[in-house]
Amino acid sequence: MKAAVLVFPGINRERDMARTLRLVSGRAPAMVWHTEGELPAGTDLVVIPGGFSYGDYLRCGAIAARSPVMDAVRRHAAAGGLTLGVCNGFQILCESGLLPGVLMRNQNLRFICREVYLRVERSDTPFTRGYNAGQVIRVPVAHGEGNYIADSETIARLEGEGRVLFRYCAPDGMIDPNWNHNGAINAIAGILNERGNVLGMMPHPENHVEASIGPTDGRGLFAGLVEALARAA
Amino acid sequence: MKARVTVTLKSGVLDPQGKAIEGALRSLGIKGVASVRQGKVFDIELDGGDPAKAEAVLKQAADKLLANTVIENYKVDVLG
Amino acid sequence: MKARVTVTLKSGVLDPQGKAIEGALRSLGIKGVASVRQGKVFDIELDGGDPAKAEAVLKQAADKLLANTVIENYKVDVLG
Amino acid sequence: MIPNTPPITPELIAEHGLKPDEYQRILDLIGREPTLTELGIFSAMWNEHCSYKSSKVHLRTLPTKAPWVIQGPGENAGVIDIGDGLACVFKMESHNHPSYIEPYQGAATGVGGILRDVFTMGARPIACLNALSFGAPSHPKTRHLVSGVVAGVGGYGNSFGVPTVGGSVRFHTRYDGNNLVNAMAVGICKKDEIFYAAASGVGMPIVYLGSKTGRDGIHGASMASAEFGEDSEAKRPTVQVGDPFSEKLLLEACLEIMAKDCVIAIQDMGAAGLTCSAVEMGAKGDLGVTLDLDKVPCREERMSAYEMMLSESQERMLMVLKPEKEEEAEAIFRKWGLDFAVVGETTPSLRFVVKHQGEVMADLPIKELGDQAPEYHRPFTDSAKPAVIDAASVEPPHGTIEALEMLLASPDLCSKRWVWEQYDHIILGNTVQRPGGDAAVVRVQDGPKGLAMTADVTPRYCEADPFEGGKQAVAECWRNLTAVGATPLAITDNLNFGNPERPEIMGQFVGAVRGIAEACKALDFPVVSGNVSLYNETNGKAILPTPTIGGVGLIDDFTKSATLAFKCEGEAILLIGGNPSWLGQSMYLREVCGREDGAPPPVDLALEKRNGDCVRALIADGAVSAVHDISDGGLLVAIAEMAMASGIGAVLLEGVAPAHGFWFGEDQARYVVTVPAAQADAVIARVTAAGVPVSRLGTTGGDALSLVGERPVRVSALRERFEGWLPAYMAGGV
Ligand SMILES: Nc1ncnc2c1ncn2[C@@H]1O[C@H](COP(=O)(O)OP(=O)(O)O)[C@@H](O)[C@H]1O
Ligand SMILES: [Mg+2]
């Protein structure tokens, strides 16, 4: 796997992400500064990590979405390259138009950092092949604006095309408003683009990969990506 | 030259902040507020003195950055 | 009845948001913007039809909740 | 613009917080009337906040040395050696008054300030903690203050990108008009790459870095040292606004230029901004400093020298650069989008000279600004010792379980999840023990070392007996570190008190400092940094004396740290340290009997050390499966916390009479541990051999807590109460 992790001013989970990519794939990712016009040659996975790019001033991800490096990401995605946006990365992908919809303030208007349960809706994507469909995984969230919203037409399309990959759920996998901490519509935690090569998600699988630190349910996502890329190669 | 760009949520788009404010006003005992929608204003100082040009620049700024036109409307007022 | 409360930062108070937006506009190649200050608007629907009463309610709402009067000013416009 | 040489009237002097004799001292020092800028500089340097004039003589009595201490008090933060060529840099600081005036920004800039103290020394911050004291829940302002302060602490730390891993929250009517926000930051750097404030070399460029200067917080430092009156609303415009985004850039830029070996000295601009930082850099290096204010990047127009010298705009630094590296350093700062300006130079004159628009606005002896600050031996009266309360004389509860339920749902003992869930406590991927345990544990780099950290104090004990209370704060901190298996190394203290000009308040201060000093000595737990916040009173009503102690400990292998949750059913529960019975000043007395009186539990430091060392050894050998110290609320609350953390219940044996003294007494130096049943006898024998009292409390298992002669209570029901109070209160439902 030849991963590139984008670094915008104010991004702050790039180290977490880089460590996880290194641990799972055995190879350190390239760290790519926001002013770069090109991704490193041979990049097969672009990761936009979490944080507060540009302080999340104006709107989350809005300013970063308009950085030069995002044009390179658009080209990468248009060519079918795998792209993962986590938390602020998801917000940036939405703001840049690579994914539909918007992430609004959490329903209770507070920042929330806690472990949540996610139901993996499909396992037949490069991002979820490390899981079984219907599997419930435990991963942390840490965001103030993760409340996914889109117009009803978009939601209908996302649902109809099976593009909702992760949903907030109860520990038994049931969808339950009490377990949807931010109020996202249809409990949506992560979505794919139409082509299936761009994933945006609010939770942080990269923070749950080491047994000595805590649960390891996030590992499957990265292990699955490594496998998918190895097969493609 | 001064101008103001006002960005508001399109009708139909859920506004958790506005909702929360409604609730908070109620619990503060402030009566008579039926609904609240929150938006943003940008007070902008511009170089140069041509209002038409200013308006064009600000429309561009709003389209490209200040508003997310998927969910937001904007309005430009050049105040001179 | 409709009304709008506009909340802006007092002059002199640091506006990190405005500063970041200035920078972003510049790097998007939008020229002529000297400075940006960001504020908020609240579009409010009120029960009842007495503008004076509405204004009083909104002043109270702004003082108690909508504005942080330590660092912000506000303006109430009852639009009828 | 304000003229620089107005008549210096007694009113103007008083407005600057200077007493007549202090002004006389200025006249004697400089032999003429000061200019306005000079008066501002003196007022900033000589106020309580910067000069420690009331506390200095007492702070000198604190033990500050140990073989592992690299830097004690006096720099931006303390530094200790944690082995492997690494150092841990940490400090705690208060932002009390600003947080009362504007809770969000006050708390946020408090966090920003303490983070700057840590990375100024070259360390990358790895964790934050916060100790918060609010007024009574029923006070009309409390909810608003809690909500704003917590959002502010989180807002800054989350965006900056450091995990907030621990702290404390308490409520008491004595904080009604003066809430406390104590923020602690911990960082890591290489032992041989620590940066200090002392300038060296004549003619070296002094560089201004970071954000631009505005009129923020002018007189902020003076405000932070002035007792509140009813007019505190009028002091509002001095509030600063934090910009965590700029601070994050400042962090990265500073660490980058430090790594490129560009820096001779560095100092952050905190209280009294440019004044304090420039004077300290010069005075510490035995050098003069000349500043040219025309070069200072300003955000606002027509700023006067006075304003620039006293501005407390955030996210700014002052640096002495190696001249040959100026270009390289500037390029790094530009890359991060930060201001960079050479604003002065070091001189051989030992004068502090400030120029603005071709005029000398101030010309003062630089050493004397700090060294000659007034130092007071304020009169103090010792607090009267309250009577010891015999547990047998205290009203027993209707039911032990009912009392437990009341305690778990009380504002001070209930879960603080509502608070710490607003803090990103996992970012950086090293948080081994999250909030909710005795101390947080954070992995150091890739391990195996871990640092444990906690912030503690029990103000009601300090009020009843400042000396014992001071000892207790240190002991509890040490105990919390021990309970996760760490070796306690050093502390930072944040001493929050009322008006020191009142002898009884000064008595509290002196007593608490004596207690802290004694405990630090006995536990080999030196003070390496700290902060004093005085004048925390409104209309003559002081806060409870609140000397917050932030401690750091080291674990050789973080995977061996102990947690408080029961691990499985059928394990033996042991009480280490002897049977409790002390109800004076206990939570039981306060929450169940409605009394706040009696002497607090005494702290026997020798026992504390013996018992703690024994528990730490058990953890290191993997002999115990769960560990929790007994603190607020006593033994039964501790057991309930272990049960709630796991969902596993316990069947408990009969306690020692009087039962409420046993279950709710707050005797010190005690721990609850669990061990696999088969090893219980061996562990008991081992602990006994170490001379430490140990007894069986019962067995883990089931989903309820069962006491002899009481209705069993489900752990889930306890959890509902424990978790319920704070969210319900904040939703306005209490
Ligand atoms: N303001 C806070 N921020 C972060 N964590 C907190 C805060 N207040 C309490 N906590 C956490 O809640 C837990 C319980 O706190 P406390 O009862 O003070 O523990 P102890 O009695 O062991 O000192 C601890 O893990 C503590 O770190
Ligand atoms: Mg404890």
Side-chain angles (χ1 to χ4, degrees), chain A residues 7-23 31 33-35 49-58 60 63-64 86-88 106 108-116 139-145 171 181 203-215 218, chain D residues 124-126 147 150-151 153-165 242-253 335-338 417-435 441-443 445-448 450 557-561 727 730-731:
Chain A
V7 185
F8 300 96
I11 281 289
N12 59 28
R13 253 187 175 81
E14 76 278 14
R15 285 184 171 74
D16 308 39
M17 186 59 82
R19 165 153 45 197
T20 288
L21 290 167
R22 176 169 50 81
L23 283 176
M31 305 306 279
W33 187 238
H34 65 112
T35 50
F52 287 72
S53 58
Y54 296 92
D56 272 354
Y57 299 145
L58 185 60
C60 295
I63 299 178
V86 169
C87 199
N88 202 212
N106 293 349
N108 65 13
L109 302 192
R110 291 195 297 273
F111 184 97
I112 301 173
C113 177
R114 71 163 68 131
E115 286 185 357
V116 300
V139 285
V141 291
H143 58 245
E145 309 195 18
H181 65 283
H204 290 285
E206 78 276 18
N207 281 125
H208 268 188
V209 296
E210 289 181 274
S212 60
I213 295 284
Chain D
R124 181 174 283 278
I126 61 161
S147 156
V150 170
V153 169
Y156 206 100
N158 297 344
S159 176
F160 179 82
V162 66
T164 300
V165 296
D243 179 2
F245 170 59
S246 291
E247 178 128 317
K248 162 81 171 154
L249 304 182
L250 193 55
L251 162 78
E252 299 298 344
K335 170 180 133 195
W336 288 100
L338 295 164
R417 182 183 301 274
W418 185 92
V419 173
W420 51 255
E421 279 196 342
Q422 293 185 57
Y423 305 154
D424 190 337
H425 47 268
I426 52 172
I427 186 167
L428 303 183
N430 291 322
T431 310
V432 180
Q433 282 202 41
R434 301 173 183 181
V441 177
V442 177
R443 170 170 67 180
Q445 296 182 343
D446 287 325
D557 179 351
F558 73 88
T559 63
K560 291 193 178 142
S561 80
M730 291 309 297

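All chains are named by letter (A, B, ...) in the order of the sequence lines, taking the proteins before the strands, and each is independently numbered beginning at 1. In what follows, every heavy atom counts, from backbone to side chain, and hydrogens, waters and symmetry copies are set aside.
Scanning both residues, D:Lys248 and A:Ile11, for their nearest heavy atoms gives CE-O, 3.2 Å. The minimum heavy-atom distance linking A:Ser212 with D:Arg443 is given by the pair OG-NH1, 4.3 Å. Across all non-hydrogen atoms, the minimal contact from D:Thr431 to A:Ile213 is O-CG2, 3.7 Å.
In this structure, the portions of A:Tyr54 lying under 4.5 Å from any heavy atom of chain D include both its backbone and its side chain. Proximity to chain A (any heavy atom under 4.5 Å) is restricted, for D:Glu252, to the side chain, taken from C-beta onward. Heavy-atom distances place the side chain of D:Phe558, and not its backbone, under 4.5 Å from chain A. At a 4.5 Å heavy-atom cutoff, A:His204 makes no contact with chain D through either its backbone or its side chain. Proximity to chain D (any heavy atom under 4.5 Å) is shown, for A:Glu206, by neither the backbone nor the side chain.
Judged purely by atom type and a 3.5 angstrom limit, D:Arg434 has no side-chain atom pairing as donor or acceptor with the backbone of A:Arg114. Looking at A:Asp16, its side chain does come within 3.5 Å of a backbone N or O of D:Gly429 through a donor-acceptor pair.
Residue with the most contacts toward chain A among D:Ser246, D:Ser159, D:Ala151: D:Ser159 (heavy-atom pairs, distance under 4.5 Å). Comparing D:Asn158, D:Ile426, D:Leu249 by how many heavy-atom pairs each has under 4.5 Å with chain A, the most go to D:Asn158. Highest contact tally toward chain A, considering only D:Val441, D:Val150, D:Val162, D:Leu428, is held by D:Leu428 [criterion: heavy-atom pairs under 4.5 Å].
Residues D:Asn430 and A:Arg15 bring no donor and acceptor atom of their side chains to less than 3.5 Å of each other.
Here the side chains of A:Asp56 and D:Phe245 are not in contact, with every heavy-atom distance at 4.5 Å or above. Side-chain contact between D:Lys335 and A:Trp33: present, with at least one pair of heavy atoms (C-beta onward) separated by less than 4.5 Å.
The distance from the CG atom of A:Asn207 to the CG atom of D:Asp424 is 7.5 Å, given to the nearest 0.5 Å. D:Thr559 contributes atom OG1, which lies 12.0 Å from atom CD of A:Glu210 (distance to the nearest 0.5 angstrom).
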